[in-house]
Participant: 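Sharing a structure, written as structure tokens. Questions coming.
So that the names make sense, note that chain A is the first sequence line, chain B the second, and so on, each numbered from 1. It should be emphasised that the depicted structure is a prediction, and the values quoted were computed from it without experimental measurement.
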Amino acid sequence: MVEGQNVMGRLERLTGMLRRRGVILPAFEIHGGAKGLYDFGPVGGRLRAKVQDVWRDHWLSQGDVVEISCPTVTPFAVLEASGHVAEFSDFMTVCQACNEASRADTMLEAHHPNPDALSMSELQALLDEASPPCPACGATEWSSIAAENLMFDTVIGAGSSGRAAFLRPETAQGMFTTYPAIYRHFRERLPFGAMQLGRGYRNEISPRQGMIRLREFNMAELEYFIDPEAEASHDFTPWRSTSVHLVPAEGDPFQSTIPDALDNGVILHPTVAWYMARTHDLLHALGIDLDKLRFRQHARDEMAHYALDCWDVELHGSYGWVECVGIAHRGCYDLEAHERATGQRMRAWRNYAEPKIVEIDGWTTDGAKAGPAFRALAGQVKAKVESLPADAAFPASLILENGEEAVVEPEHVRRVQRTESVAGEWFIPHVVEPAFGIDRIIWHIIDHAYQEAGDGDDLYVRMHLHHDVAPIDAAVLPLFEKDGMGEIASDLHLRLCASRGVLAVYDASGSIGRRYARADEIGVPCCLTVDHTTLEDGTVTWRERDTGEQTRLSIDEAIHRLSTRA
RNA sequence: GCGCACAUGAUCUAGUGGUUAUGAUACGAGGUUCCCAACCUCGUUACCCGAGUUCGAGUCUCGGUGUGCGCACCA
């Protein structure tokens, strides 16, 4: 209990600081705010950009991944094909007695093996027939069912010519809809990946817990396309001695290296294991505390029906364990769905080791004769004839799909005999998808980095951000703004800001200790102090955030150090 | 979406229908100070929004918005 209060108190102080210092703040606050929407402020905006940069560089370093960017406004048909229109809809009904809204499919689970799969009218019929009691008050008077969609809908174009559309609920569909271009870019050779950083939208019923559940959020997804029959060749050497926390779908949590868990069959697919390992490294590089990271495998009934294996990365913070990354083997589900909806080829070509020699020996129709003879049925007759064995004899009587009989004479058919060499085949690639909730990751970077020292009301706050993600790289502090120290410091400040990738702040107000504290609070990794010695020999004090340690070095050295590590 | 609680400067907060709304911290200006939230002087900033009750509303009522907690929801 006491610990719970401490966690709450810390959380309140942390969110207060984030607001006060312009890291993360409720959006549109002057108009009363809006649930589930947050601003990254002058400090947070930079933090987000740096996290995204680290994320981008990490995956591009693999060499077989490209970055794309797709619109957030997405036509209805795209999300219908992907299954989101159905998947993101809940069929709600309202109890007439107590006004409690319930999901119709959930209540009818006792009356149907899989009510989730029913259409709205089927559900309505079943609800009328079964009339289950209201879970809140026990009444059985239900309103008619209404579809609640968790996607934001909009219209492309004006008036009656407008097309229905949604704001995308995930960025992934962009990688699938551009698959043909990506396949071409990689010169038609698997495996390869495409990724995208961007915004996603979900009209959450009840956003809670600050940054954890948002209506508009930053996400980053990578789709890695593989040949399901090719043997994956991932080098796990770097992870052979790195133990991680694993929570398998069955059995107890345990610690293991990722390659061992793969060998033991806990992780089902080597490419999933590969992305788990790479994700582990990425989160470490972002400054996530590895003791507060675990991989949790989805139970079979928790996985999307098409997923073959799925592991979440959960991070522990002020809100407990929170899913921040999903690494899913999605099979061929998405590409197949778009192929089915559009008729476009969403495939890759695979050569056989040896070309296959195919003996074709069978029958087909002679169009010139069979066409006039069977007219509208000619197509069906052709299909039927081509399915006959080589030893079929004519005339033959065939029963067609619609039950009609067709008598095929010898003159209607032709024998087909040839040898074909088939070099390979088209197949739909499988996809392994690591999907990152950037806002949730940023939250945990902050949560893990935020440290309070001291006790009582006199807490000293330090954010131990990794310098790769620290919003501000350095603070330039003139000990006093006199004797020329102020001028030297402003000049240093400008030179730092002019260096690519370096952002420095200038702070001359308050005592030096107060300024160190201000910098520590938002995680500035180092402070450069211009003092009297600077006037004599041109050196400044470099003060490390985490240790408070001070060293003297020349202004040029300081600039060089910051611009090379940024 | 339902229920309960809450909403006062930048942050945290006091305030039981009646003057100019409390305090701390923070922030700004000046002073002081040769390196870790010191000190002195001065200063800026607030009753979530909208209706209502009342001679009078930060305070009471209703509605909205937001926040927290519980239930439900959570690709």
Participant: For Asp507(A) and Arg552(A), take the nucleotide of RNA chain B holding the closest heavy atom to each; which residue's nucleotide lies nearer the 5' end?
Facilitator: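 The residue whose closest nucleotide sits nearer the 5' end is Asp507(A).
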Participant: When all nucleic acid strands are considered with a 4.0 Å heavy-atom cut-off, which category describes Gln550(A): base, sugar-phosphate, or nothing?
Facilitator: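 Since a base atom lies under 4.0 Å of Gln550(A), the category is base.
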Participant: Cation-pi between Arg294(A) and Trp321(A): NZ/CZ under 6.0 Å from ring centre and within 45° of the ring axis?
Facilitator: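 Arg294(A) over Trp321(A) ring: yes.
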Participant: Could you tell me which nucleotide pairs with C48(B) by Watson-Crick or G-U wobble geometry, both distances under 3.5 Å, or answer none if nothing does?
Facilitator: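 Base-paired to G64(B).
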Participant: State, yes or no, whether a side-chain contact exists between Glu433(A) and Met175(A) at a heavy-atom distance under 4.5 Å.
Facilitator: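 Side-chain contact under 4.5 Å: no.
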Participant: Specify the separation, in whole Å, of atom CG of Leu150(A) and atom P of G1(B).
Facilitator: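 Atom-to-atom, Leu150(A) to G1(B), this comes out as 13 Å.
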Participant: Which nucleotide, in any strand shown, forms a Watson-Crick or G-U wobble pair with A21(B), with both distances under 3.5 Å?
Facilitator: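 Its partner: none found.
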Participant: Measuring only the P atom in each nucleotide, how far is C73(B) from U54(B)? A whole number of Å is fine.
Facilitator: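 Each nucleotide's P atom is 46 Å from the other's.
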Participant: Report which part of the nucleic acid Gly33(A) touches: base, sugar-phosphate, or nothing (heavy-atom distance under 4.0 Å, all strands).
Facilitator: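 Since only primed, P, OP1 and OP2 atoms lie under 4.0 Å of Gly33(A), the category is sugar-phosphate.
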Participant: Please work out which of the three classes, parallel, tilted or perpendicular, describes the rings of Phe152(A) and Tyr201(A), given edges at 30° and 60°.
Facilitator: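 Plane angle over 60°, so perpendicular.
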Participant: Nearest-Å distance, CD (Glu452(A)) to C1' (U25(B))?
Facilitator: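 In whole Å, U25(B) C1' lies 15 Å from Glu452(A) CD.
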Participant: Leu37(A) has an atom CG; how far is it from atom C1' of U65(B), in whole Å?
Facilitator: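 Rounding to the nearest Å, CG of Leu37(A) and C1' of U65(B) are 13 Å apart.
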Participant: Given atom CG of Leu479(A) and atom P of C35(B), what is their separation to the nearest angstrom?
Facilitator: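 Distance check: Leu479(A) CG to C35(B) P gives 7 Å.
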Participant: Provide the distance between the two C1' atoms, one in U19(B) and one in C42(B), to the nearest whole Å.
Facilitator: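 About 26 Å, rounded to a whole number of Å.
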Participant: Lys482(A) NZ to G30(B) P: how many Å, rounded?
Facilitator: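 Atom NZ in Lys482(A) sits about 13 Å away from atom P in G30(B).
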Participant: My understanding is that a pair needs two contacts under 3.5 Å, Watson-Crick or G-U wobble. By that rule, which nucleotide pairs with A14(B)?
Facilitator: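 Check on A14(B): unpaired, no WC or wobble geometry under 3.5 Å.
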Participant: How are the rings of Phe176(A) and Phe225(A) set relative to one another: parallel (under 30°), tilted (30 to 60°) or perpendicular (over 60°)?
Facilitator: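 Geometry flag for Phe225(A) against Phe176(A): perpendicular rings.
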Participant: For the residue pair Pro75(A) and Ala165(A), what are the closest heavy atoms and their distance?
Facilitator: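 Result for this residue pair: CA-CB, 4.1 Å.
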Participant: Do you know which two heavy atoms are closest between Pro429(A) and Met346(A), and how far apart they sit?
Facilitator: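 Minimum heavy-atom separation between Pro429(A) and Met346(A): CD-O, 3.7 Å.
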Participant: Could you tell me how far apart Leu25(A) (CG) and G66(B) (P) are, to the nearest whole angstrom?
Facilitator: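 Rounded to the whole Å, the gap is 17 Å.
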Participant: Look at all strands and tell whether Gly22(A) reaches a base, only sugar-phosphate, or nothing, counting heavy atoms closer than 4.0 Å.
Facilitator: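 The residue Gly22(A) makes no contact with any strand.
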Participant: How far, in whole Å, is U8(B) from C47(B) if one measures between their P atoms?
Facilitator: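 It comes out at 11 Å once rounded to the nearest Å.
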Participant: Shortest non-hydrogen contact from Leu503(A) to Cys497(A)?
Facilitator: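 Smallest heavy-atom distance, with atoms named: CD1-SG, 4.5 Å.
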Participant: Starting from P on U11(B), measure out to CZ on Arg21(A) and report it in whole angstrom.
Facilitator: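 For the pair Arg21(A) CZ and U11(B) P, the rounded distance is 14 Å.
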Participant: Are Arg462(A) and Arg545(A) close enough that some pair of their side-chain heavy atoms sits under 4.5 Å apart?
Facilitator: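 Arg462(A) vs Arg545(A): side chains touch.
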Participant: Please report the distance separating the P of A14(B) from the corresponding atom of A7(B), rounded so that it comes out in whole Å.
Facilitator: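 That atom pair is separated by 9 Å.
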Participant: Between the base of C73(B) and the side chain of Ser206(A), is one N or O donor paired with an acceptor at under 3.5 angstrom?
Facilitator: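 Donor-acceptor pair under 3.5 Å: no.
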Participant: Please determine, for C39(B), whether a Watson-Crick or G-U wobble partner exists with both distances under 3.5 Å, and give it or none.
Facilitator: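 For C39(B), the partner nucleotide comes out as G31(B), under the 3.5 Å rule.
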Participant: Starting at atom CD of Glu204(A), determine the distance to atom P of A72(B), rounded to an integer number of angstrom.
Facilitator: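 Taking atom P of A72(B) as the reference, CD of Glu204(A) is at 16 Å.
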Participant: Would you mind classifying the nucleic acid contact of Thr533(A) as base, sugar-phosphate or nothing, using non-hydrogen atoms under 4.0 angstrom?
Facilitator: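 Contact class for Thr533(A): none.
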Participant: Quick test: give all pairs of protein nitrogen or oxygen and nucleotides 37-39 of chain B nitrogen or oxygen below 3.5 Å, distance rounded to 0.1 Å.
Facilitator:
| from | atom 1 | to | atom 2 | distance (Å) |
| --- | --- | --- | --- | --- |
| A38(B) | OP1 | Arg514(A) | NH2 | 2.7 |
| A38(B) | OP2 | Ser511(A) | OG | 2.9 |

Participant: Base of C12(B), side chain of Arg13(A) - is there a donor-acceptor contact under 3.5 Å?
Facilitator: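 A donor-acceptor contact between them is absent.
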Participant: For the ring pair Trp443(A) and Tyr319(A), is the centre-to-centre distance below 6.0 Å?
Facilitator: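 So the answer is yes for these two rings.
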Participant: Taking the P atom of each, how far is C60(B) from G23(B), in whole Å?
Facilitator: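 About 23 Å, rounded to a whole number of Å.
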Participant: Tell me what Arg213(A) touches on the nucleic acid: a base, only sugar-phosphate, or nothing, going by heavy atoms under 4.0 Å.
Facilitator: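 It contacts base atoms.
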Participant: Which base sits across from C71(B) as a Watson-Crick or G-U pair, both distances under 3.5 Å?
Facilitator: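 G1(B) - that is the nucleotide pairing with C71(B), both distances being under 3.5 Å.
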Participant: Hey, which sits more toward the 5' end of RNA chain B by its nearest nucleotide, Asp531(A) or Arg208(A)?
Facilitator: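 In this pair, the answer is Asp531(A).
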Participant: Using the P atoms only, state how far A24(B) lies from G31(B), rounded to an integer number of Å.
Facilitator: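 Comparing P positions in G31(B) and A24(B) gives a spacing of 25 Å.
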Participant: Under 3.5 Å for both donor-acceptor distances, Watson-Crick or wobble: does G58(B) have a partner, and if so which one?
Facilitator: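 Paired with no nucleotide.
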